[in-house]
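Take a look at the structure set out below.
Throughout, a chain's letter reflects where its sequence line sits, starting with A, and its residues are numbered from 1.
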Number of protein chains: 4
Amino acid sequence: MRSGDVTFIQAARRAQIIGGAIEVVAELGWAKTSIRKIADHVGLAMSAVLYHFGSKDKLVEAIVEAMYAAAFDVVIPAIERETTASGKLAAYIRSNIAYFDTHRTHLAALTQISSEDLRLSDETAERVAALDPVAILAAGQADGEFGDFPPGSMAIALRGAVNAVVEKILRQPEFDARSYGEDLVRIFDKAVAAT
Amino acid sequence: MRSGDVTFIQAARRAQIIGGAIEVVAELGWAKTSIRKIADHVGLAMSAVLYHFGSKDKLVEAIVEAMYAAAFDVVIPAIERETTASGKLAAYIRSNIAYFDTHRTHLAALTQISSEDLRLSDETAERVAALDPVAILAAGQADGEFGDFPPGSMAIALRGAVNAVVEKILRQPEFDARSYGEDLVRIFDKAVAAT
Amino acid sequence: MRSGDVTFIQAARRAQIIGGAIEVVAELGWAKTSIRKIADHVGLAMSAVLYHFGSKDKLVEAIVEAMYAAAFDVVIPAIERETTASGKLAAYIRSNIAYFDTHRTHLAALTQISSEDLRLSDETAERVAALDPVAILAAGQADGEFGDFPPGSMAIALRGAVNAVVEKILRQPEFDARSYGEDLVRIFDKAVAAT
Amino acid sequence: MRSGDVTFIQAARRAQIIGGAIEVVAELGWAKTSIRKIADHVGLAMSAVLYHFGSKDKLVEAIVEAMYAAAFDVVIPAIERETTASGKLAAYIRSNIAYFDTHRTHLAALTQISSEDLRLSDETAERVAALDPVAILAAGQADGEFGDFPPGSMAIALRGAVNAVVEKILRQPEFDARSYGEDLVRIFDKAVAAT
DNA sequence: GATGAATGAGTGTTCATTCAT
DNA sequence: CATGAATGAACACTCATTCAT
């Protein structure tokens with residue numbers, strides 16, 4: 001019971017620190033973010049942050065995991081809700097862009113953090129792989145819903161087109177991400193269509 | 001003559017340092033690149049690097065300009081060589097990917113540097129804007145070569161799909177970028193086609 | 001109690017560093033004084049000094065404040081102890097010179113530091129202003145103790161004459177500052193005397 | 001003849017550099033003055049400045065000598081023009097202050113440079129010593145013009161009172177140095193007067 | 001007579017990390 | 001659970017000086 005409480009408090013503190021860290025990164029960019037600034041932002045001593053995460057690398061990992069988790073919460077149910085391949089494809093596009101649109105504080109971190117020698121937990125890596133749209137595309141081809149195209153390349157192009165919205169939003173905050181998403185749905189509908 | 005010589009060796013040193021810097025960034029990533037490491041890599045004292053560029057910011061600018069220049073050398077002539085919109089579209093895709101494929105040391109820098117508060121020279125910024133594929137797409141629609149689609153969104157998607165190859169190559173060096181490029185040409189040919 | 005202890009050891013370290021800094025300045029002069037040398041002198045890491053003061057500017061401020069505080073401790077009570085204008089005048093001269101004579105390590109710093117773009121705390125600036133001998137001189141004229149002379153100019157001359165002892169001591173350490181002080185008392189007694 | 005020309009050119013360059021250096025110091029303060037900035041200011045390469053002076057210390061010496069020479073030009077003739085001790089005393093005060101008033105670019109350097117481990121040339125040191133007002137005061141006492149006072153202390157006080165104008169002008173550029181000089185003449189006239 | 005290139009020592013500052021409490 | 005003190009390594013940058021030309 002006691003240890004359960006402790007874990008709960010710890011988890012709350014960790015969540016609080018991660019949230020603060022994402023805000024700091026959003027404001028300052030990754031390069032100018034330091035543990036001290038994160039600690040100041042959440043009102044803790046710098047050493048308290050390290051106490052909870054052990055090292056900066058661990059903190060970064062936790063931040064990334066948290067961002068992925070937030071994305072999974074939006075993307076996975078949206079895709080699973082659909083039954084047809086083209087439904088799943090549209091859901092993939094719309095939910096990804098919805099996540100970017102509603103989690104703008106994550107954006108600065110997302111573009112900059114990926115480059116680091118970042119290691120995802122096995123579980124997260126697995127779920128990331130599961131979200132690769134190549135599976136949707138291949139399924140759509142298998143059941144004749146989609147036409148003929150190289151599914152690997154189409155998946156890379158699709159992910160690139162979806163992720164491109166991040167930079168766009170960052171540079172141009174008033175950019176209408178949702179309607180770009182709708183455009184993307186139509187563009188890729190046509191691109192994968194059976195002839 | 002004399003002043004020409006001086007400028008020449010100046011330019012040579014600058015080019016040497018820029019080249020070394022790109023290699024260091026390719027190996028370590030931007031975050032872990034420092035002037036000292038660049039200097040060590042090219043066999044100069046750190047202060048010599050600063051002597052030639054004045055400050056780190058100026059050096060970064062020079063590096064970015066050099067990378068853009070290398071890209072322009074490949075991309076611009078390739079597009080100008082074509083006369084039809086679909087020819088230019090294919091050339092845009094192929095030449096961009098060719099640049100990425102042949103300048104792999106530039107890749108790590110390219111993904112990471114964009115986020116910084118990087119300021120391009122007016123000339124480079126102008127040429128970057130001129131390379132936006134939206135112009136090609138709009139022209140193709142105007143002369144009836146292409147069908148109906150939102151050219152702004154299509155351009156963002158296209159750029160995203162093209163740039164996606166960078167991450168792919170970085171994570172998977174044996175990835176066949178050229179054939180991905182050919183796939184892209186076909187995918188976007190279909191996506192922009194008149195119905 | 002606990003927080004009192006913390007503040008106490010903080011203050012002690014700060015005082016130790018300030019003291020060491022004054023010694024270093026006394027030995028090397030301001031121009032050749034660096035944080036690193038101060039840290040070495042007190043046996044701390046340079047970063048520990050910065051940990052306690054934040055920046056070199058803040059450290060300099062603290063040093064100056066400390067030197068002024070030491071001067072105030074001597075000068076202010078000495079003047080307040082006197083009731084007549086000529087008594088206060090003599091006390092001003094003697095106590096200033098006594099401070100210079102007994103705080104020789106402060107001297108090198110005092111001559112050099114004034115020029116920097118040094119900003120005193122409001123409180124210190126106020127007390128510095130309060131110590132301007134012009135008030136004493138004007139009061140002495142008002143109650144008829146002193147004769148007629150421009151009090152502003154006399155005050156500048158007086159301060160110059162008093163401060164001149166600093167350079168004298170620095171160049172000629174065996175110089176008898178006290179008897180110079182007594183001479184000054186007589187000289188200015190005559191200079192301000194009613195005719 | 002040829003070597004005479006060379007020497008002449010050299011002397012001109014040296015004078016030009018010294019003049020520029022004094023201006024730079026006046027603008028930036030001694031701490032922020034560097035050989036490079038002086039060189040830029042006069043439009044030469046940094047190495048050219050060192051070529052002419054050999055080292056920074058030598059340059060500083062030359063600057064100081066130049067400033068002293070400018071002071072001598074004003075002060076020495078003014079004193080020699082007078083025949084009585086009180087005339088010479090007044091001339092000492094007025095000419096020193098006139099020099100400070102008309103050579104304001106020298107002022108910043110004068111306050112800051114003196115502290116360094118500066119060595120005057122034998123000739124300059126000699127002339128500086130010759131200008132010590134103690135000689136004037138002692139002579140005035142010897143011939144009965146002045147009253148009884150310790151001439152050494154009076155000289156120190158006098159120099160201090162005169163030099164005090166430098167700081168005053170620096171902090172308060174509109175300060176009326178000339179009328180302060182007249183006040184000083186009267187103050188010290190009274191202070192040295194025979195009773 | 002003058003220069004540009006290059007250097008090594010030094011500067012203040014930031015940072016993630018350790019540790020005793 | 002959390003902290004403040006302290007550290008060492010790294011950072012960008014400045015500087016006076018040297019040297020071949």
Whole angstrom value for the distance that separates P of E/dT11 from CG of C/D57: 16 Å
Atom-to-atom span, CZ of D/F53 to P of E/dA2 - whole angstrom: 11 Å
From CG (A/L59) to CD1 (A/I38), nearest 0.5 Å: 5.0 Å
Most 5' of A/K37 and D/L44 on DNA chain E, judged by nearest nucleotide: D/L44
Given F/dT17, F/dC13, F/dA2, the nucleotide with the shortest approach to the side chain of A/A48: F/dA2
Between B/R13 and B/Q16: side-chain donor-acceptor atoms closer than 3.5 Å: yes
D/K56 NZ to F/dC15 C1', straight-line distance once rounded to whole Å: 8 Å
Shortest side-chain distance from B/A45, nucleotide among F/dT7, E/dT7, F/dA5: E/dT7
Shortest non-hydrogen contact from A/H41 toward A/G20: CD2-O, 3.6 Å
Base-pairing assignment for F/dA20 (Watson-Crick or G-U wobble, both under 3.5 Å): E/dT3
Value in whole Å for how far the C1' atom of E/dT11 lies from CD1 of C/I38: 12 Å
Straight-line distance of C/I35 CD1 to C/S55 OG, nearest 0.5 Å: 7.5 Å
Watson-Crick or G-U counterpart of F/dA12, or none if no pair lies under 3.5 Å: E/dT11
Presence of D/S34 side-chain N/O under 4.0 Å of F/dT14 phosphate oxygens OP1/OP2: no
Value in whole Å for how far the P atom of E/dC15 lies from CG of A/L59: 14 Å
Atom-to-atom span, CG of C/D40 to P of E/dG12 - whole angstrom: 12 Å
Under 3.5 Å side-chain donor-acceptor pair for C/E61 and C/S121: no
Phosphate-side-chain proximity, B/H52 and E/dA6, N/O vs OP1/OP2 below 4.0 Å: yes
Among F/dT18, E/dT17, E/dG12, the nucleotide that comes nearest once only the side chain of C/M46 is considered: E/dG12
Residue-phosphate contact under 4.0 Å: B/R13 side-chain N/O, E/dG4 OP1/OP2: no
Residue whose nearest DNA chain F nucleotide is more 5′ - D/T33 or B/I35: B/I35
Side-chain N,O (B/Q10) to OP1/OP2 (E/dG4) below 4.0 Å: no
Phosphate OP1/OP2 of E/dG1: any D/Y51 side-chain N/O under 4.0 Å: yes
5' precedence on DNA chain F between C/S47 and A/S47 (nearest-nucleotide basis): A/S47
Between F/dC1 (C1') and A/L50 (CG): distance, integer Å: 14 Å
Spacing of A/Q16 atom CD relative to F/dC1 atom C1', expressed in whole Å: 13 Å
Side-chain donor-acceptor contact under 3.5 Å, A/T105 with A/E23: no
B/R36 side chain, from C-beta outward: closest of F/dT3, E/dT7, F/dC11: F/dC11
